[in-house]
Every structure is written in structure tokens, then in C-alpha cells.
Amino acid sequence: MIAQLEARATGPLVNRLLSNTAFTFLGKAAGYAGGLFLTPIVFHVLGSETFGLWALILLLSGQFGLVDLGFGAALTKHVAEFNASNTLQRINQPFTVAVLFYVTTSAVLAGVLWTHAEMILRFFSVPSTLWDQARVLLPLTALVFLLSSVVGVLQSLINGLQRMEITNAIAVLQVISMIVLTLFFLSLGRGLAGVVIGLLCSLALVVGGLALFAKRLLPSLRFELPRRRRGGSHIYRFGATVQVARISGIVAAYSDRVLIGHFLSLETLAKYQLGYTVIALLRGMALIFGPAIVPAASELAERGDSGRLAKLYSRGSKYSLAVGIGVGGIILALAPLITRAWLGHEDEQVVQVIRLLGLGHTFHILTGLGTSICEGIGKAGVEARFGAGLAVLQICLGLIGVMALGLTGLLAGTTLAMTVASALFLRRFHIMMTRSGALQEAVPGRRILLSGLVAAGAGLFSSQLPTSHLLPTWTPGWFSLVACTGIFVAAYATMLLSTGCVDDTDRRLVSRLLPNRSTSISRASEQEI
């Protein structure tokens with residue numbers, strides 16, 4: 001199966017799109033599985049307060065993304081375009097500028113964290129017992145940002161060539177190395193310092209691996225300073241525009257944690273981090289098609305193939321809705337089971353975070369196709385306005401909510417902001433694509449929604465059935481979660497099939513991922529996208 005997908009990686013567009021999505025799924029699945037495995041171990045070893053400090057370190061390294069200029073998205077788009085026009089050597093100068101920018105920015109951030117550590121710790125109400133440890137670890141977040149950014153740059157080069165089997169294989173190796181190194185340092189009693197060192201070592205290994213493959217795939221790649229003041233300016237403008245759009249993701253992921261750390265406590269921040277880990281997993285798996293859509297849409301736009309771009313949008317809208325509703329149903333119905341199986345007990349605050357935050361992210365998932373196509377066809381301004389609006393709305397509603405009702409108010413404000421902003425973006429994007437003639441077929445939205453509601457009801461009902469007395473003491477949590485998830489998926493799939501949501505085109509596209517299919521099926525599905 002894997003070998004067959006690799007063979008398709010350089011084939012026709014539909015082959016690359018499907019195989020890249022499959023490889024992205026494997027890479028993300030490994031990453032999130034590693035996170036799910038490590039998080040409860042780290043939580044129990046460190047304790048809630050020290051784990052809250054770990055959440056603060058992740059918060060700061062993520063917030064540094066606000067100073068990013070969007071080089072990753074720009075490089076992916078333009079590598080795809082330069083590859084189509086056989087001018088890949090033009091990427092050298094933007095690549096050099098990106099690396100130098102991240103090195104310089106990380107050095108400045110490390111200095112700021114070192115000199116202003118006490119102010120940061122006071123702002124987030126970090127207990128004084130953790131200050132000595134925090135002063136040493138905080139500057140290392142700048143190094144985490146540097147290595148993560150360089151990883152993103154190298155991944156963008158390879159993804160622009162639509163060789164995502166490489167980037168995702170290396171991502172799997174990173175997960176394995178991070179698990180091994182983290183457990184090793186924890187076994188030595190290194191505590192939080194060991195967790196940070198394990199993360200840094202795994203990122204360094206990934207940088208080395210990606211650099212080797214990038215040089216192999218792009219023999220002309222080298223460091224080259226811009227010779228003209230305006231050289232590559234269109235790439236930088238596009239990247240900056242995309243970065244404004246991605247502020248929504250940064251704000252959604254981290255602004256809540258800033259408010260919790262300042263107004264509430266590190267322990268509450270730790271509970272929020274646990275809940276958000278589950279949401280990030282489900283959200284990431286629902287948006288697996290994004291990295292494959294951007295270069296595919298960019299290639300179609302470069303060729304002027306508006307017909308196939310229209311089909312990509314029509315078909316993708318249907319799949320986005322189906323996946324988004326499916327993820328939302330699992331979150332709402334099975335949140336208590338998830339916490340019991342994962343943490344060993346049901347935590348009310350973690351369940352609250354999963355359900356309320358998950359509802360907002362369900363609506364946000366529906367924008368994934370639109371934002372990916374916007375990046376691919378160079379219409380990042382639409383996404384940028386959406387991101388800026390969401391950022392302002394989420395900060396305002398989150399601040400009002402946390403001051404009035406604490407954690408519950410914060411989560412409610414975030415959910416409302418994401419729902420309103422996502423609805424406005426979807427309306428705007430739909431109008432833009434419809435005017436260009438892109439919407440060629442109706443999306444069975446009501447039938448998909450009905451299928452999701454029925455499946456959520458089946459999952460919720462099955463989760464209430466008593467099963468613990470039938471099983472050994474260590475199995476009920478995981479067994480119940482797997483069983484109820486299986487019931488949800490079976491009910492959802494049955495409803496989608498019985499209500500006519502799945503058509504012949506869907507079946508042909510699925511057959512592309514299965515071995516030993518006939519060439520007639522391949523040709524038929526090639527015409528669909």
C-alpha cells in the first residue's frame with residue numbers, strides 16, 4: 001500500500017492529491033498518537049503545577065509565531081509554481097531570507113526572555129517555587145521556535161514539490177525520537193528540563209533529515225543573498241498576507257491560554273492544555289487535506305485550469321462538511337469517555353474544555369478547504385481579513401467571558417467568536433467561488449447534518465451503557481471509547497450511504513487509494529478532479 005502511494009506521488013494531479021492526503025494522514029496520526037501517549041505520562045510525573053509551566057513554555061513558543069512573516073506558505077506556493085515553469089533556482093534567495101530571519105528573530109527573543117523573565121512569570125502568576133527552573137527554561141523557547149521554523153521552511157520546499165511522503169515519514173521519525181528521548185530523560189529524574197531537552201533533540205534530528213532530502217530533491221538549492229532590493233518581493237508580500245490570515249489560528253490556540261494564565265491559575269492552564277490536546281488531534285485529522293490542497297490549487301491556477309479547480313472546490317466542500325460534522329459529533333457525544341480512557345478518570349474541567357472549545361473548532365474546521373484554496377490561488381487577502389476579524393473578536397469576547405464567568409465564560413466567548421467569524425468567511429468565500437462558476441453541484445448539507453445528529457445520538461446512548469462489570473479493571477475506559485467510537489462511525493457511514501450523500505464519484509475516488517484497481521476506474525476518477 002505505501003509503495004503504491006509512493007509511485008503515485010509523481011503521477012497525475014489526482015494521484016498526487018490523494019496520495020499526499022494519505023501521507024499527511026499517516027504523519028498527523030503518528031504525531032497526535034505520540035502526543036496522546038506522552039501527555040498523561042508527563043502530567044502524572046510533573047504534577048499539575050509543573051505541567052502548567054510546560055503549557056506556558058508551549059504557549060510562549062507558539063505565540064512567537066506572531067512575528068513570523070509566513071515564509072512557509074509562500075515557499076510552498078512558489079516552489080510549486082517554479083517547478084511548473086522549470087525555474088526552481090529562483091527559490092534560493094527567499095529560502096536564504098527565511099532562514100536568516102528566523103535566526104535573527106530567535107536571538108532577539110532569547111535575549112528578551114532572559115532579561116524579562118521575572119516580569120513574564122509575574123504576569124502568568126507562576127508560583128515562586130518554580131521561578132528558578134522557569135528562568136533557565138524560558139529562553140530555550142526561542143530555540144524551540146527557531147528549530148520549528150526551520151523545519152517548517154524545509155517542509156515547505158519539499159511539500160511544494162508535492163513529495164509529502166518524505167515530510168510525513170520524517171515527522172513519524174520525530175515522534176518516535178521524541179517519545180524515546182522524553183521517557184529517557186524522565187527516567188533519569190530530569191523532570192521538565194528533560195522534556196524540553198527531548199523536544200529540542202528531536203527537532204534537531206528532523207532539521208538534519210529534511211535538509212538532506214531538500215538538497216537531494218532541489219540540487220540547485222543553496223544560500224544566496226538577494227542581489228536586488230526588490231528581488232522576490234512578491235513572495236514576501238504573499239507570505240506576510242498569509243501570516244495575517246494565520247493569526248486566527250495562533251489566536252485560537254494561544255490567546256485563551258494567555259487569559260487563563262493571567263486571570264486564573266497554572267493548574268487551570270494545565271487542565272486547558274489537556275483538553276486542547278484532544279481538540280488539536282481531532283482538528284488536525286479533520287484538516288489533513290489542507291497541505292495537499294495548497295500546491296494542487298496553485299498548480300491548477302498556474303495552468304489556468306479553472307474547470308478542475310471548480311471541481312476541486314465542489315467536491316472538497318462536501319468532504320469538509322462531512323468531516324467537520326463527524327468530528328463535532330464525536331467531541332460532543334464522547335468527551336467524558338475520552339477523558340476516562342486517556343487520563344484514567346473523568347475530569348469535569350477537561351470535559352468542559354473539550355465540549356465547549358470543540359464546538360467552536362467544529363465550525364472552524366469547515367473553513368479549512370476555503371483557506372487552503374485561497375492560499376493556493378493567491379487570494380490570501382480574503383483569508384487575511386477572516387483571520388484578523390477572528391483575532392479581534394476572540395480576544396474581546398474571551399476577555400469579557402473570563403472576567404465575568406471564569407473558564408466557562410472564556411470558552412463560551414471563544415466558541416461564539418469562532419462560530420460567527422467562520423460563518424462570515426464561508427459566506428464570503430462561497431460568493432467568490434460561485435461568481436467564478438466554481439460551484440458546479442449542490443452540497444447535501446442537510447442530509448450530512450442529519451447523519452451526524454443520528455450518529456451522535458447513537459454514540460451518546462452507547463456511552464451510557466454499563467460495561468465495566470463485564471471487563472477487567474484496566475480495560476473498561478479504552479474498550480468503551482473504542483466501542484462507542486466504532487458505533488458512531490458505523491452509524492454515520494450508514495446514514496451517509498442511506499441518504500444518498502455518497503455518490504459514484506466518491507466511490508471512484510476512494511478506489512484510488514485501494515490496491516489493484518483497474519485502469520478504467522483510474523481514468524474515470526481523473527476526470528472528476
Side-chain angles (χ1 to χ4, degrees), residues 21 24 28 65 70 72-73 76-77 241-256 276 279-298 309-310 312-329 331 356-395 397-398 413-436 438-439 443 445 448-449 452:
T21 300
T24 302
K28 285 186 176 292
T76 298
K77 170 180 166 57
T241 304
V242 170
Q243 180 59 21
V244 172
R246 290 187 171 176
I247 287 176
S248 63
I250 297 174
V251 169
Y254 299 108
S255 65
D256 285 356
Y276 186 82
I279 298 300
L281 181 151
L282 296 173
R283 173 184 167 81
M285 299 308 293
L287 295 176
I288 58 170
F289 56 81
I293 290 290
V294 174
S298 180
L309 183 62
L312 177 65
Y313 169 62
S314 299
R315 189 60 45 176
S317 298
K318 175 180 175 180
Y319 299 154
S320 294
L321 184 61
V323 171
I325 290 177
V327 168
I331 289 172
L356 287 178
L357 201 62
L359 185 60
H361 278 273
T362 296
F363 287 100
H364 202 246
I365 285 170
L366 302 181
T367 67
L369 174 73
T371 56
S372 296
I373 291 180
C374 282
E375 289 182 25
I377 64 177
K379 296 288 186 180
V382 177
E383 186 188 2
R385 289 190 289 273
F386 162 59
L390 175 57
V392 173
L393 190 60
Q394 184 168 340
I395 290 173
L397 293 180
T414 297
T415 297
L416 179 60
M418 298 181 82
T419 302
V420 172
S422 298
L424 292 175
F425 170 80
L426 289 171
R427 181 177 180 274
R428 168 71 175 169
F429 181 74
H430 180 77
I431 291 174
M432 182 183 75
M433 298 300 289
T434 302
R435 285 176 178 172
S436 65
L439 193 61
V443 177
I448 294 175
L449 178 60

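No experiment lies behind these values; they were computed from the predicted model shown.
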List for me each residue that meets side-chain contact (heavy atoms from CB on, under 4.5 Å) alongside Ala280, sequence neighbours excluded, and say none if there are none. Tyr32, Tyr276
For Ala421, the side-chain contact (heavy atoms from CB on, under 4.5 Å) test, sequence neighbours excluded, returns Phe386, Leu390
In this structure, CG of Leu357 is separated from CE of Met418 (nearest 0.5 Å) by 6.5 Å
Heavy-atom closest contact (Ile448 atom, Lys318 atom, distance): CD1-O, 4.0 Å
Look at the aromatic rings of His364 and His361 and report parallel, tilted or perpendicular, splitting at 30° and 60°. perpendicular
side-chain contact (heavy atoms from CB on, under 4.5 Å) against Leu449, all qualifying residues, sequence neighbours excluded: Ile325, Leu453
Thr415 (side chain) donor-acceptor with Leu356 (main chain) under 3.5 angstrom: yes
Partner set under side-chain contact (heavy atoms from CB on, under 4.5 Å) for Val420, not counting sequence neighbours: Leu393, Leu416, Leu424
Leu366 to Leu426 - nearest heavy-atom pair and separation: O-CD2, 3.4 Å
